[in-house]
Amino acid sequence: MEYKLLDGKATAAAIRAEIKQEVEDIVANGGRRPSLTAILVGNNPASKTYVANKEKACADAGFTSKVIRLPEETGEEELLETIRSINEDPAVDGLIVQLPLPRHIDEQKVIAAIDPSKDVDGFHPISQGKMLIGQDTFLPATPMGILTLLERYNIETKGKNCVVLGRSNIVGRPVANLLSRKGYPGDCTVTMCHSRTKDIERFAKEADIIIAAIGIPFFVKEDMVKEGAVIVDVGINSIEDSSRKSGYRLVGDVDFDKVAPKCSYITPVPGGVGPMTIASLLQNTLKAYKNRK
Ligand code: NAD
């Protein structure tokens, strides 16, 4: 089958250009720039890269941004105090705390300390609760990016069987909820599979749409997929590759080379969901800015 790529890189670039234009118009009319603050605790190399990418994306879009870097040994109370002071800072529209946090800090307590009106990661229980009952709120960036990608490619979702692989709070669970909501993109019949699901293959084979968010390279094989399926591969896994200078390369949860020919649409990794996640964070920050005006 001739498959088409769901090109997250190009779609995200288009969204980022739209945001940049909107910010230029705001500033030309005398408005201030949207502003994002990120808190990074410790030295996790992946977290450092993610935060640097977000900082660059903000600069490109014409946002002001600030990264507060705190040492690994920062105490929970000190972090909570930092969050409270940013909550009260009228110059800041959006606040994110890069996860994971060091083990001595209670992640849920930290997330709950963020002012929901600045919760542009959409992880606060109020944001998650509003999402669950379909109220307007900040959606978590990765699920939101997945929905936007499906929307921009006009992928039909109404009445489709959608199988979500993974049940994490940041990807699997919210994306399953969003795709089951009324309206577009939604109205799917969603099955959520996870590490305790028996016979995942059986569910996956029935799926018109598969969202793979497990974190196991090449988990989704060609015999698990029906002809014409739409596949969104969220996984980002590093595997050894001696042909690369770095010695590794990034792959998704789907065995792309073998699975893609069976699909109607599929995301590449990299260049699929990853760039959409950053674009969604910018969209949320612009939304927070507009809500506060
Ligand atoms: P997680 O580790 O929190 O959750 C993994 C989920 O997969 C769990 O719910 C678990 O039940 C399920 N699972 C594990 N083993 C399984 C198995 N053998 N069979 C079925 N289900 C199984 O991961 P996460 O944070 O949701 O991330 C998933 C993947 O997506 C990771 O590779 C991560 O790096 C990637 N990710 C990418 C983006 C992006 O922007 N592209 C954002 C977030 C996460």
Side-chain angles (χ1 to χ4, degrees), residues 5-13 15-16 38 44-54 56-57 96-101 103 107-108 111 120-123 128 138-150 162-179 190-205 207 210-221 223-225 231-239 248-256 266-284:
L5 280 182
L6 293 168
D7 187 340
K9 197 173 166 192
T11 308
I15 292 169
R16 287 168 64 164
N44 181 318
S47 293
K48 278 184 176 172
T49 306
Y50 291 142
V51 168
N53 289 341
K54 291 169 189 176
K56 184 177 178 307
I96 59 173
V97 178
Q98 184 64 44
L99 303 178
L101 289 168
R103 292 174 63 143
E107 223 160 75
Q108 289 308 320
I111 292 169
V120 291
D121 258 342
F123 294 158
Q128 299 252 324
F138 299 112
L139 300 179
T142 301
M144 176 172 164
I146 294 169
L147 261 69
T148 307
L149 196 55
L150 295 175
C162 174
V163 167
V164 176
L165 304 175
R167 58 173 163 186
S168 73
N169 284 343
I170 62 164
V171 190
R173 200 177 295 280
V175 84
N177 171 258
L178 290 166
L179 285 168
V190 179
T191 307
M192 191 161 41
C193 298
H194 47 76
S195 53
R196 300 283 184 268
T197 303
K198 290 196 178 107
D199 199 0
I200 285 190
E201 256 183 70
R202 179 166 68 85
F203 295 103
K205 266 187 201 157
I210 295 178
I211 314 282
I214 292 184
I216 301 177
F218 311 121
F219 183 91
V220 178
K221 309 254 188 283
D223 56 3
M224 292 170 69
V225 174
I231 299 195
V232 176
D233 188 355
V234 187
I236 303 179
N237 310 295
S238 176
I239 62 164
Y248 73 91
R249 74 186 157 104
L250 295 180
V251 297
D253 290 348
V254 178
D255 191 352
F256 184 93
I266 184 167
T267 56
V269 177
V273 177
M276 292 302 296
T277 297
I278 293 210
S280 302
L281 176 67
L282 295 177
Q283 286 176 307
N284 275 347

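Just so it is clear, the structure is predicted and the values come from calculations on it, not from any experiment. Every number for a ligand or one of its atoms is a count from 1 in the order of the listing.
Here the side chains of R16 and I278 are in contact, with some heavy-atom distance below 4.5 Å. T191 has its side chain out of reach of T197: every pair of non-hydrogen atoms, C-beta onward, lies at least 4.5 Å apart.
Qualifying salt bridge (Lys or Arg N to Asp or Glu O under 4.0 Å) partners for D255, counting only residues two or more places apart in sequence or in other chains: K258. Residues passing the ring pair (Phe, Tyr, Trp, His ring centres under 6.0 Å) test with F256, sequence neighbours excluded: Y3.
For a heavy-atom separation below 4.0 Å, the residues in contact with ligand 1 are T142, G166, R167, S168, I170, V171, H194, S195, I200, A213, I214, G215, I216, F219, V234, G235, I236, N237, V273, G274, T277.
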Using distance only, find each side-chain donor-acceptor pair of residues 140-149 under 3.5 Å and give its atom names and separation, not counting sequence neighbours.
unit_1, atom_1, unit_2, atom_2, d
T142, OG1, T277, OG1, 3.2
T148, OG1, M144, O, 2.8

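At distances below 3.5 Å, at least one donor-acceptor pair connects side-chain atoms of E107 with backbone N or O atoms of L101.
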